[in-house]
Peer 1: 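Here you go, one structure.
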Number of protein chains: 2
Amino acid sequence: MSATRRAAPTLEQVAERAGVSRSTASRAINGGLRVSPEAQAAVDAAVLELGFAPNRAARSLVTRRTDSIALVIPEPDERVLSDPFFAGTINGLGSVLHETDLQLVLVMARPADVATRTVRYLRGGHVDGVVVVSHHRDDVLATELEQAGVPTVFVGRPFQHGHVRYVDVDNTAGGRMAAEHLVRAGRARIGTVAGPQDMSAGLDRLAGWSAALADAGMAADAVAYGDFTSAGGARAASRLLAEHPDLDALFVASDLMAAGALGVLADAGRRVPDDVAVVGYDNLAVATSTTPALTTVVNPVVAMARTAGGLLLDLLAGEAVPEAPVVFAPELVVRASA
Amino acid sequence: MSATRRAAPTLEQVAERAGVSRSTASRAINGGLRVSPEAQAAVDAAVLELGFAPNRAARSLVTRRTDSIALVIPEPDERVLSDPFFAGTINGLGSVLHETDLQLVLVMARPADVATRTVRYLRGGHVDGVVVVSHHRDDVLATELEQAGVPTVFVGRPFQHGHVRYVDVDNTAGGRMAAEHLVRAGRARIGTVAGPQDMSAGLDRLAGWSAALADAGMAADAVAYGDFTSAGGARAASRLLAEHPDLDALFVASDLMAAGALGVLADAGRRVPDDVAVVGYDNLAVATSTTPALTTVVNPVVAMARTAGGLLLDLLAGEAVPEAPVVFAPELVVRASA
DNA sequence: TTGTACGCGTTATCAG
DNA sequence: CTGATAACGCGTACAA
């Protein structure tokens with residue numbers, strides 16, 4: 001049967017046991033300022049004996065703080081499952097939170113639920129602040145959270161304008177770097193597997209690629225779209241190869257999609273990089289375990305998440321945080337694939 | 001500056017706006033039973049206009065439920081970052097929770113913090129239930145949580161005895177399967193990179209390997225220990241090869257460690273599987289992206305997490321949940337490496 | 001330094 | 001079906 005939850009000890013019981021009043025017990029427990037050594041000792045002992053832990057709900061009610069922050073990932077389960085990008089995000093945020101007493105609440109929301117359930121949750125005062133990652137064009141989070149006055153920091157530039165704080169990497173520059181690397185390598189016909197166009201990362205990487213090709217006087221018409229998953233990348237790559245058999249280079253907007261594309265190329269008998277050079281994006285662990293290892297653009301996921309967490313902490317502490325976005329510079333890592 | 005959080009609307013305000021009492025408003029919002037259609041409509045309208053969301057802290061205080069459950073991962077950040085095992089766990093649990101109104105609170109704790117900070121948090125009534133994964137021998141969670149009466153389900157057999165509910169896979173059988181596969185393949189000298197011996201998975205896989213070799217009349221003395229990370233696997237593998245140059249097969253207790261081992265073998269000029277056959281463990285995505293792809297034992301991470309979540313929900317619902325552990329059967333997937 | 005008294009926002013009880 | 005009213009556990013002015 002359901003565990004018989006022995007009622008948790010209350011502050012009242014601690015006070016009684018220590019022979020002091022509730023308020024004294026409370027003061028002794030929080031900070032211990034303005035309380036006599038004897039009282040302090042008595043309370044400490046009582047806390048230990050009873051295994052007392054303050055009830056966070058009751059405390060929240062009066063302090064109006066929850067001591068927890070939410071990481072919102074508006075993606076279906078499958079993606080959160082398979083994409084190491086999110087592991088990096090969770091970790092970066094976690095490393096910042098470790099220094100504090102804040103707890104991390106993970107909110108994975110189906111895109112369809114974001115507008116209703118997730119917003120309701122976040123506006124309910126359940127968390128002191130929010131970090132949003134993997135934001136889509138139609139998500140209402142930016143406007144809703146700003147309107148509700150919930151301190152929020154985005155990882156990745158959101159579409160909505162207004163007073164939105166965010167941390168990002170220059171994806172346009174990243175796309176450009178990838179394309180320029182392929183141009184420099186003497187590739188003649190460069191295609192791309194782009195990311196979702198309802199996400200700024202997808203849009204920007206494509207734009208960068210496109211601009212670089214234009215600068216080089218090359219056609220930027222070989223484009224297929226994936227969804228940042230390995231399977232999606234494979235599908236997009238085969239469409240692309242079917243439509244443009246003359247391709248000798250591919251910029252794929254994420255390592256995971258690139259891994260899928262490599263499989264398709266191998267099945268098609270195209271050697272990488274001899275026949276087709278491939279550049280990925282992200283530089284997550286997967287980039288080194290593919291065959292051949294991926295030349296890729298570094299996406300500083302952990303650093304971005306850590307920075308976002310830091311900004312949020314500043315915000316919560318009431319410090320002045322400039323509204324200007326923090327934008328990291330991308331970097332190219334050359335491995336065997338291009 | 002810090003966002004000016006406009007005070008969240010309260011039930012009181014909703015009631016006033018709807019022209020009813022707090023109680024009626026409350027009933028209309030929860031379930032809507034025994035409330036007239038007019039009142040219901042008025043309240044609904046007021047809720048919408050004011051953007052009301054019930055204050056969870058206040059609600060928790062009286063209902064004694066928090067509508068959230070914790071996933072505890074007692075590992076340093078680096079591991080949570082790099083090990084897809086946890087992504088699978090989070091996802092499996094998330095998929096179960098999606099059906100409910102429960103939120104997932106992710107508690108990543110340094111092993112050193114578990115006994116103090118984490119226990120304090122979990123005992124504070126902040127969550128209705130707990131799922132613990134990656135439990136170590138010295139962790140006090142099992143006893144502490146049972147003592148506090150917090151409904152808990154472990155993924156992976158904990159060391160503490162008592163009324164501990166857990167979901168696991170038969171790691172001993174898995175280790176045995178891996179070894180037997182190598183024996184059947186005619187390998188003469190089989191070593192192992194074992195996992196941490198303060199975790200039941202590490203212990204059991206080693207025991208299974210050991211037993212199979214004993215059955216085959218072979219020596220089970222070529223053992224090195226890793227920490228379930230890729231780097232740790234590489235280190236252990238090179239130690240092993242140095243001490244036992246005659247090895248022609250390796251059972252590595254996790255795919256991540258196996259990936260590290262493959263690198264070492266390649267650097268040493270040993271061909272896989274021709275010179276040395278390698279069997280991994282987990283069958284996570286990494287197993288298919290190594291060169292060669294890994295023969296491995298399936299660790300049904302997502303299914304285990306999902307099952308654990310289901311058990312916890314039953315527990316929370318007050319249903320009778322047998323104390324017998326749920327144990328999955330392992331399965332061997334043969335790929336190129338052995 | 002200590003204790004008394006009040007309020008945080010919600011749900012549950014019970015009389016109408 | 002509705003509306004007072006009493007908790008829930010804690011923090012904190014305020015008074016002593």
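Side chains are part of it too, since the values below use all heavy atoms of this structure and drop only hydrogens, waters and symmetry mates. Reminder, nothing fancy here: chain letters follow the sequence lines and each chain counts from 1.
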Peer 1: Is any side-chain heavy atom of A/E75 closer than 4.5 Å to a side-chain heavy atom of A/F86?
Peer 2: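 Result yes, sub-4.5 Å side-chain heavy-atom pair found.
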Peer 1: On DNA chain D, does the nearest nucleotide to A/I29 precede the nearest nucleotide to B/S36 from the 5' side, or the other way round? Give the residue.
Peer 2: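 That would be B/S36.
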Peer 1: What is the distance, to the nearest angstrom, from the CG atom on A/N30 to the P atom on D/dG11?
Peer 2: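 Going from A/N30 (CG) to D/dG11 (P), I get 5 Å.
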Peer 1: Is there side-chain contact between A/D138 and A/D198, with at least one heavy-atom pair below 4.5 Å?
Peer 2: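 No, their side chains stay 4.5 Å or more apart.
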Peer 1: Without decimals, in angstroms, what is the distance between B/R65 CZ and D/dC8 P?
Peer 2: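 Distance, rounded to whole Å: 18 Å.
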Peer 1: Starting from P on C/dG9, measure out to CD on B/E16 and report it in whole angstrom.
Peer 2: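 Those two atoms, CD and P, are 14 Å apart.
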Peer 1: In whole angstrom, give the distance that lies between atom CZ of A/R59 and atom C1' of D/dC8.
Peer 2: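 Computing the A/R59:CZ to D/dC8:C1' distance gives 16 Å.
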Peer 1: I'd like to know if A/R64 reaches the base of D/dG11 with its side chain, counting only an N/O donor and acceptor under 3.5 Å.
Peer 2: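 A donor-acceptor contact between them is absent.
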Peer 1: So if I take every side-chain heavy atom of A/V62 and compare against D/dG9, C/dT10, C/dG3, which nucleotide ends up nearest?
Peer 2: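 Per side-chain heavy atoms of A/V62, the pick is D/dG9.
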Peer 1: Check every atom of D/dG9, D/dG3, C/dG3 against the side chain of B/T24 and return the nucleotide holding the closest atom.
Peer 2: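 Closest nucleotide among those given: D/dG3.
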Peer 1: Rounding to a whole Å, what distance do you find between A/E38:CD and C/dT1:C1'?
Peer 2: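 These atoms are roughly 10 Å apart.
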Peer 1: Whole Å only: how far is the CD atom of A/Q13 from the P atom of D/dC8?
Peer 2: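 Rounding to the nearest Å, CD of A/Q13 and P of D/dC8 are 11 Å apart.
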Peer 1: Nearest nucleotide by nearest heavy atom, which residue falls closer to the 5' end of DNA chain D, B/A39 or A/L11?
Peer 2: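 It is B/A39, whose closest nucleotide lies nearer the 5' terminus.
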Peer 1: Is there a donor N/O on one and an acceptor N/O on the other, under 3.5 Å, for the side chain of B/S23 and the base of D/dA4?
Peer 2: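 Answer yes: a donor N or O sits under 3.5 Å from an acceptor.
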Peer 1: Measure CZ/A/R34 against P/D/dA13 and give the value in whole Å, please.
Peer 2: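 From A/R34 CZ to D/dA13 P: 8 Å.
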Peer 1: For D/dG3, take OP1 and OP2 only and decide whether either is under 4.0 Å from a side-chain N or O of B/S21.
Peer 2: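 B/S21 to D/dG3 OP1/OP2: side-chain N or O found under 4.0 Å.
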Peer 1: What contact category does A/S26 fall into here, base, sugar-phosphate, or nothing, at under 4.0 angstrom with non-hydrogen atoms?
Peer 2: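 Answer is base: heavy atoms of A/S26 come under 4.0 Å of a base.
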Peer 1: For the pair B/H126 and B/Y121, name the ring-plane relationship: parallel under 30°, tilted 30 to 60°, perpendicular over 60°.
Peer 2: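 Tilted: the ring planes of B/H126 and B/Y121 meet at 30° to 60°.
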Peer 1: Is there a donor-acceptor contact under 3.5 Å from the side chain of B/R165 to the main chain of B/V321?
Peer 2: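 Here the side-chain-to-backbone pair exists.
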Peer 1: So, is B/R22 close to the D/dT5 phosphate, meaning a side-chain N or O under 4.0 Å from OP1 or OP2?
Peer 2: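 For D/dT5, neither OP1 nor OP2 has a side-chain N or O of B/R22 closer than 4.0 Å.
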Peer 1: Can you measure B/L61 atom CG to C/dG7 atom P for me and round it to whole angstrom units?
Peer 2: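 To the nearest whole Å, that distance equals 16 Å.
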Peer 1: What's B/R27 touching, base or sugar-phosphate or nothing? Going by heavy atoms closer than 4.0 Å.
Peer 2: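 Base, at least one base atom sits under 4.0 Å.
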Peer 1: Checking A/D128 side chain against A/T66 main chain: does a donor-acceptor pair fall under 3.5 Å?
Peer 2: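 Checked: pair present.
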